[in-house]
Amino acid sequence: EVDLVESGGGFVQAGGSLRLSCAAASGGSLDDYIIGWFRQVPGKEREGISYSTNSGEITWYADSVKGRFTISSDHAENKVTLQMNRLKPEDTAVYYCAAGVVHSDPDFTSPDEYGYWGQGSQVTVSS
């Protein structure tokens with residue numbers, strides 16, 4: 001079990017950058033989990049945008065963010081960050097980090113694979 005605490009997010013103009021962080025609280029470790037990032041806008045389903053294995057050897061990005069967003073793990077600080085560059089107004093959403101456990105035949109693009117979630121961080125991109 002792990003408690004996830006998000007930080008970062010905020011308001012930025014189109015073309016700008018923001019960084020989101022996801023840390024393990026209460027002495028937990030992210031090393032045992034796949035960490036995913038999702039986003040959600042009102043009235044729509046939660047969208048998977050990126051995930052990474054704890055080693056960072058396997059990463060995945062949705063086409064909508066590929067080439068602009070980068071997920072990375074900081075084992076020393078026990079956190080995972082999502083660097084978001086060249087932001088667009090359509091990136092505006094509440095962003096969530098999530099932790100999932102590896103098992104056979106997973107689909108880590110789906111929120112159903114994750115049992116632990118951060119509190120959500122608002123990202124607003126103005127045009």
Side-chain angles (χ1 to χ4, degrees):
E1 184 172 333
V2 62
D3 293 325
L4 302 178
V5 179
E6 298 179 36
S7 60
F11 181 93
V12 67
Q13 290 187 330
S17 298
L18 287 172
R19 177 179 295 177
L20 298 173
S21 291
C22 178
S26 305
S29 173
L30 298 183
D31 288 349
D32 299 328
Y33 299 93
I34 303 293
I35 301 299
W37 286 96
F38 293 78
R39 65 186 181 187
Q40 191 169 24
V41 297
K44 292 190 176 182
E45 293 185 353
R46 196 164 292 189
E47 173 193 16
I49 56 173
S50 182
Y51 70 75
S52 175
T53 57
N54 55 18
S55 66
E57 290 182 353
I58 298 176
T59 58
W60 168 84
Y61 299 95
D63 288 342
S64 57
V65 305
K66 195 175 296 182
R68 300 188 297 122
F69 290 13
T70 304
I71 188 171
S72 58
S73 299
D74 186 331
H75 296 286
E77 296 199 9
N78 199 22
K79 68 179 182 181
V80 174
T81 62
L82 185 70
Q83 177 67 39
M84 304 182 292
N85 298 328
R86 304 201 312 265
L87 282 160
K88 304 175 182 180
E90 51 264 45
D91 293 319
T92 295
V94 178
Y95 283 70
Y96 298 88
C97 68
V101 178
V102 175
H103 62 88
S104 61
D105 197 25
D107 176 13
F108 287 112
T109 66
S110 168
D112 295 338
E113 294 287 353
Y114 297 84
Y116 308 101
W117 291 85
Q119 79 276 19
S121 299
Q122 177 67 47
V123 171
T124 303
V125 185
S126 67
S127 58

| query | Does the side chain of E90 come within less than 4.5 Å of S64's, by heavy atoms? | reply | no
| note | Minimal heavy-atom distance between V5 and A25, with the atoms involved, is CG2-CB, 3.6 Å
| L18/F11 under side chain to side chain contact (heavy atoms under 4.5 Å, CB included): CA gap, chis, key distance, verdict | CA-CA 9 Å; L18 287 172; F11 181 93; over 6 Å; no
| request: State yes or no: do V12 and V65 share one hydrophobic cluster built from I, L, V, M, F, W and Y residues joined by side-chain heavy-atom distances below 4.5 Å, directly or via other members? | output: yes
| said: Quick check against the 3.5 Å criterion: does S50 have a side-chain atom that pairs as donor or acceptor with the backbone of W60? | reply: yes
| query | Any idea which heavy atoms bring P111 and F38 closest together, and the distance? | reply | N-CE2, 3.5 Å
| remark: Distance col, row E45:CD vs S110:OG, nearest 0.5 angstrom, shows 9.5 Å
| Single-linkage hydrophobic cluster, 4.5 Å side-chain cutoff, Y51 and V2 together | no
| field | Under the side chain to side chain donor-acceptor pair (under 3.5 Å) test, residues paired with S29 that sit two or more places apart | value | none
| task | Could you state whether V125 and M84 fall into the same hydrophobic cluster, counting links through intermediate Ile, Leu, Val, Met, Phe, Trp or Tyr residues with side-chain heavy atoms under 4.5 angstrom apart? | result | yes
| Can you get from V80 to V101 by hopping between Ile, Leu, Val, Met, Phe, Trp and Tyr side chains that sit under 4.5 Å apart? | yes
| request: Compare every heavy atom of S121 with every heavy atom of E6, then report the nearest pair and how far apart it is. | output: OE1-OG, 3.0 Å
| Do T81 and Q83 have side-chain atoms, one donor and one acceptor, less than 3.5 Å apart? | no
| field | Flag side-chain contact, heavy atom, 4.5 Å: Y96 against L4 | value | no
| message | Can you list everything that forms a side-chain contact (heavy atoms from CB on, under 4.5 Å) with A23? Sequence neighbours excluded, please. | response | K79
| message | Looking at T59, is its backbone amide N or carbonyl O close enough to the side chain of S52 to form a donor-acceptor pair, meaning the two atoms are under 3.5 Å apart? | response | no
| query | At their closest point, which heavy atom of Y95 faces which heavy atom of L20, and how far apart are they? | reply | CB-CD1, 3.5 Å
| field | Charged N-O contact under 4.0 Å between K88 and D91 | value | no
| field | Donor-acceptor pair, side chain of E113 and main chain of D107, under 3.5 angstrom | value | yes
| message | Would you say that L87 contacts F69 through its side chain, given a criterion of any heavy-atom pair below 4.5 Å between the two side chains? | response | yes
| field | Atom of C22, atom of L30 and distance for their closest heavy-atom approach | value | O-CD1, 3.6 Å
| field | Atom pair NE2 (H75) and OG (S55), whose distance is rounded to the nearest 0.5 Å | value | 7.0 Å
| field | T53 side chain vs I58 backbone, donor-acceptor pair below 3.5 Å | value | yes
| task | Starting at CD of E47, measure out to OG1 of T109 and round the result to the nearest 0.5 Å. | result | 10.5 Å
| message | Has Y114 got a side-chain atom pairing as donor or acceptor with F108's backbone, closer than 3.5 angstrom? | response | yes
| For A93 and V41, which heavy atoms make the closest approach, and how far apart are they? | CB-CG1, 3.6 Å
| request: Is it possible for you to say whether W117 and I35 belong to one hydrophobic cluster, with membership spreading through side-chain heavy-atom contacts below 4.5 Å? | output: no
